[in-house]
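Just dropping this structure here.
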Amino acid sequence: MNDMTAAPATPLASPLPAWDLSDLYPSPDSPLVTEDLARAERMAKSFAQAHAGTLASLSGAALAAVIAEYERIQEILGRVGSYAQLLFAEDSTNPEHGRFYQTVSERITAIASDLIFFSLELNRLDDAVLEAKLEDAALARYRPWLRDLRVFRPHQLDDQLEKLNHERDLTASQAWIRLFDETVAAMRIELAGETLTVSDTLNKLSDQDRGVREAAGKAIGKAFGDNIRLFSLITNTLAKDKEIEDTWRKYERPTSYRNRSNMVEDEVVDALVTAVRGSYPRLSHRYYQMKAKWLGLPKLQHWDRNAPLPNDADRLIEWPEAEKQVLDAYAAFSPELAAVGRRFFERPWIDAKLRPGKSGGAFAHATVPSVHPYLLLNYHGKTRDVMTLAHELGHGVHQVLAGPQGTLMSHTPLTLAETASVFGEMLTFQALLNTASPAQRRIMLAAKVEDMLNTVVRQIAFYQFETLLHDERRGGELLPERIGALWLKVQTESLGPAFEFTPEYSVFWSYVPHFIHSPFYVYAYAFGDCLVNALYSVFQSGHPGFQAKYLEMLRAGGTKRHKDLLAPFGLDASDPAFWNRGLDVISGFIDELEAGG
């Protein structure tokens, strides 16, 4: 994901695609929206009246029918919720979009309150009783969903507390998240006579001109510094809110809930973090010392981290060429993969236009299996934007292939959700690298290393920052200066001796939305990148039937855990050597750059 929405310095000649959300609903005021919400509300109330307190007495076939009914309600709620979310992402400064998003969120929360009993009651079923029911083939289909649901069994509260927690979420954590989003979207930064959005200004940090980068870095620091007390209050409040919930639910560590959600053991995440931190010297420290030398600088400042390299005349890549590069790379690996990807370009499923108020960065939204995913990008015509397109298309293809698993089992945990996206990005990168001249190859390798460092090293540093912040918050509220000190500590450790940091960098933690939206989400990027690096090395080694096994892995959606998905490739994420195998790929690229001088 990148943070850029600025207009490119040279305008693109080709029109950029915009999505058409009418496959979900014609408009926010469409009667279909009202009808679906009313239908879901009736179904949810009827569901609760018919089934609350009865699950233990049902046969396996009858319980399977009840789960299917529950899934149909979730499908309706997912469709309306996706529509509201995508409209808001399209333009969060539009007050009507904000109002619609909030209204829909409140209705969905109220409707879902009638469904809370279901997962709680399922989890109260005795293991032996449930196993007996699972002998029925209809219920056995839902075994993966029931398995994952029961991971939270030791942490659930009684029904009334769960209902209260669910309903107050809108005025608790969700309200603070909305405040953060709307504050950042409304911020304007003065730079060189221009009034820019945050995303516009962040884009300047990749400018060829160091003076522009420095001015942008200082302007971002000032803008967030002016709002730092608000962002600190939001962060402190959300961390305390999480501590309260974790305490009631008896989670051992602030990270434990996220790990359970990702269906990954605490020790596997710890092994990943230990491996990456142990590799800082051979990865980020080594690379950035080379970069400082290439740029002719004794020390790098934070605004130099994403600076283009000298002689990096990154030409403008028009949208049709980007489409061809990505689809050709996919097709060379698997025609079937490319055929699914082509649908996104043939139909209005991608929004790549640059406009004020649009969500920064890029994402793929799965919506619901009965519709299709949508991709949001901010396309500037740079090589990195082609890589972002390849990445998000991987998500979209994965979501399409997993769709037949249904609403309850098509979604993968975050740790596996990045598999197809990072793999698609690697396919595209390798295809372009194979046709590059020696000079282009060096630039491309450096750009790829920087992307990988941003995905692995930077995200693990983010994870360390969150860990320190949440641990310390349990002892009381943290002042903005203290949060800034924790940020600088992990940045210094991860980026290494090539950097020195000017004072304004201490507030840069406050623009990272993942800290607000999804605590401890960030390690999933590193998990996915290292996993794909290991997977790609297996592909390069000529592993028999790799493509067929890979497509089967994507089709599995959320039905299998990482151990089962990786076993056909001879990989095991619980083996410490697994992570080093992934990190070795990055180190190998740096070796090649180092050898080239």
Counting distance only, does the side-chain N/O of Y374 pair as donor-acceptor with the main-chain N or O of D20 below 3.5 Å?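 It does hold such a pair.
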
Report yes or no: does H395 contribute a side-chain atom to a donor-acceptor pair with the main-chain N or O of A417 at less than 3.5 Å? yes

Test item: K358 and N378 side chains (from C-beta on) under 4.5 Å apart, heavy atoms: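 Yes, close enough: below the 4.5 Å cut-off.
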
In this structure, is the centre-to-centre distance between the rings of H302 and Y505 below 6.0 Å? yes

N454 side chain to D451 backbone, donor-acceptor under 3.5 Å: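 No.
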
Find the distance between CD (E243) and CZ (R473) and round it off to the nearest 0.5 Å. 7.0 Å

Any donor-acceptor pair under 3.5 Å linking the side chain of D572 with the backbone of S574?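 Pair found, side chain donor or acceptor close to backbone of S574.
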
Heavy-atom neighbours of K560 NZ exceed 12 at 6.0 Å: no

Non-hydrogen side-chain atoms of I317 and Q325 separated by less than 4.5 Å: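 With C-beta onward as the side chain, the pair touches.
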
Should the pair W349 and F344 be assigned to parallel (<30°), tilted (30 to 60°) or perpendicular (>60°) ring geometry? perpendicular

Are the side chains of W176 and D241 in touch, meaning some heavy atoms are under 4.5 Å apart? no

Start with the C-alpha distance between I460 and L272, add both sets of side-chain angles, then the distance that settles side chain to side chain contact (heavy atoms under 4.5 Å, CB included), and finish with yes or no. CA-CA 9 Å; I460 292 301; L272 164 66; 4.3 Å; yes

Electrostatic pair R143-D148, nearest N-O below 4.0 angstrom: no

Is L389 close to L377 at the side-chain level, that is, under 4.5 Å between some pair of heavy atoms? yes

Under the salt bridge (charged side-chain N to carboxylate O under 4.0 Å, His left out) rule, collect the residues that match up with R141, sequence neighbours excluded. none

Test log, rule salt bridge (charged side-chain N to carboxylate O under 4.0 Å, His left out), inputs E493 and R458: CA-CA 11 Å; E493 178 194 358; R458 188 161 169 80; over 6 Å; no

In F508, Y511, W487, F520, the residue satisfying ring-ring contact (aromatic ring centres under 6.0 Å, His included) with F462 is W487

Show me the donor-acceptor pairs within less than 3.5 Å that the side chains of residues 422-431 make with the rest of the protein, sequence neighbours left out.
from : atom 1 : to   : atom 2 : distance (Å)
E425 : OE1    : H391 : ND1    : 2.8
T428 : OG1    : G424 : O      : 2.9

One thing to verify: whether R343 and E346 come together as a salt bridge, which I'm taking to mean a side-chain N less than 4.0 angstrom from a carboxylate O. no

Kindly give the heavy-atom pair with the smallest separation between L16 and K353, and that separation in Å. O-CE, 2.9 Å

Is P519 close to K242 at the side-chain level, that is, under 4.5 Å between some pair of heavy atoms?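 Counting from C-beta outward, K242 and P519 do come under 4.5 Å.
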
Check the pair Q540 / S537 against side chain to side chain donor-acceptor pair (under 3.5 Å), numbers first and verdict last. CA-CA 5 Å; Q540 285 185 308; S537 71; over 6 Å; no

Mind checking what makes side chain to side chain contact (heavy atoms under 4.5 Å, CB included) contact with A89, not counting sequence neighbours?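 Checked A89 against side chain to side chain contact (heavy atoms under 4.5 Å, CB included); matches are S359, F363, L376.
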
Distance-only, no hydrogens or angles: does the S510 side chain make a donor-acceptor pair with backbone N or O of F224 under 3.5 Å? no

Provide the closest heavy-atom pair for G396 versus A364 in the form atom of the first, atom of the second, distance.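 Distance-wise, the nearest heavy atoms are N-CB, 4.2 Å.
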
Side chain of H97, backbone of L87: donor and acceptor closer than 3.5 Å?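 Yes; at least one donor-acceptor contact below 3.5 Å.
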
Given R355 and D91, is the side chain to side chain contact (heavy atoms under 4.5 Å, CB included) satisfied, shown in steps? CA-CA 8 Å; R355 56 179 178 270; D91 183 3; 5.6 Å; no

Inter-residue atom distance E392.CD - D385.CG, 0.5 Å rounding: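 E392 atom CD to D385 atom CG measures 11.5 Å (nearest 0.5 Å).
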
Are the side chains of Y287 and E450 in touch, meaning some heavy atoms are under 4.5 Å apart?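 In contact.
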
Can you tell if the side chain of V457 reaches within under 4.5 Å of the side chain of R277, non-hydrogen atoms only?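 They are not in contact (no side-chain heavy atoms under 4.5 Å apart), so the answer is no.
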
Checking the side chain of S518 only, and the main-chain atoms of Y521 only, is there a donor and an acceptor separated by less than 3.5 Å? no

Is the shortest distance from a Lys or Arg side-chain nitrogen in E323 or R342 to a carboxylate oxygen in the other one below 4.0 Å?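 Here E323 does not pair with R342 in a salt bridge, since their nearest N and O are not under 4.0 Å apart.
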
If the threshold is 4.0 Å, N to carboxylate O, is there a salt bridge linking E466 and R253? no

Quick check for you: to the nearest 0.5 Å, what is the distance between D270 atom CG and T255 atom OG1?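 Interatomic distance, D270 CG to T255 OG1, rounded to 0.5 Å: 7.0 Å.
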
Does any part of the side chain of P348, heavy atoms only, come nearer than 4.5 Å to the side chain of W19, both counted from C-beta?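 No. Closest side-chain heavy atoms not under 4.5 Å.
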
Can you confirm if the aromatic rings of W319 and Y379 lie within a centre distance of less than 6.0 Å? yes

Sub-3.5 Å donor-acceptor pair from the side chain of Q459 to the main-chain atoms of Y525, do we have one?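 No; judged by distance alone, with no hydrogens or angles, the pair does not exist.
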
Find the distance between CG (D564) and OG1 (T559) and round it off to the nearest 0.5 Å. 9.0 Å

So, taking the atom named CG in L565 and the one named CZ in R561, what distance separates them when rounded to the nearest 0.5 Å? 11.0 Å

Let me see the working for M452 and N533 under side chain to side chain contact (heavy atoms under 4.5 Å, CB included), right down to the final yes or no. CA-CA 10 Å; M452 294 170 109; N533 288 343; 3.3 Å; yes

Identify which one of W509, F465, F180 satisfies the ring-ring contact (aromatic ring centres under 6.0 Å, His included) criterion when paired with F515. F465

Residues D23, R79: salt bridge by 4.0 Å N-O rule: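 Salt bridge absent between D23 and R79.
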
Within a 6.0 Å radius of atom CZ on F539, are there more than 12 heavy atoms belonging to other residues, nucleotides or ligands?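 Yes, CZ of F539 has more than 12 neighbouring heavy atoms, counting only those of other groups under 6.0 Å.
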
Hey, mind stepping through H470 and D246 against side chain to side chain donor-acceptor pair (under 3.5 Å) and telling me if it holds? CA-CA 11 Å; H470 282 261; D246 285 349; over 6 Å; no

Would you check if the side chain of Q399 reaches a backbone N or O of H372 as a donor-acceptor pair within less than 3.5 Å?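 Not at all, since once roles are kept as given, no pair shorter than 3.5 Å links the two residues.
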
By side chain to side chain donor-acceptor pair (under 3.5 Å) - contacts of R282 (at least two apart):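 R282 satisfies side chain to side chain donor-acceptor pair (under 3.5 Å) with S279, D584 once adjacent residues are dropped.
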
Using modelled atom types and a 3.5 Å cut-off, is there a donor and acceptor pairing between side-chain atoms of S541 and backbone atoms of V538?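 Yes.
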
For the pair Y251 and H155, name the ring-plane relationship: parallel under 30°, tilted 30 to 60°, perpendicular over 60°.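 Parallel, since the angle between the ring planes stays under 30°.
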
Residues 405-415 vs side-chain hydrogen bond (donor to acceptor under 3.5 Å, both in side chains), sequence neighbours excluded, gives E75-T407

Anything under 30° is parallel, anything over 60° is perpendicular, the rest tilted; go ahead and classify Y550 against F333.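 Taking F333 first and then Y550, their aromatic rings stand perpendicular (interplane angle over 60°).
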
Just to verify, what does D471 make a side chain to side chain donor-acceptor pair (under 3.5 Å) with, not counting sequence neighbours?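 In terms of side chain to side chain donor-acceptor pair (under 3.5 Å), with neighbours along the sequence ignored, D471 is linked to no residue.
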
Minimum heavy-atom separation for I108 and L77, please, with both atom names. CD1-O, 3.6 Å

Whether Y523 and Y463 hold their rings parallel, tilted or perpendicular, with breakpoints at 30° and 60°: perpendicular

To the nearest 0.5 Å, what is the distance between CG (N580) and SG (C530)? 9.0 Å

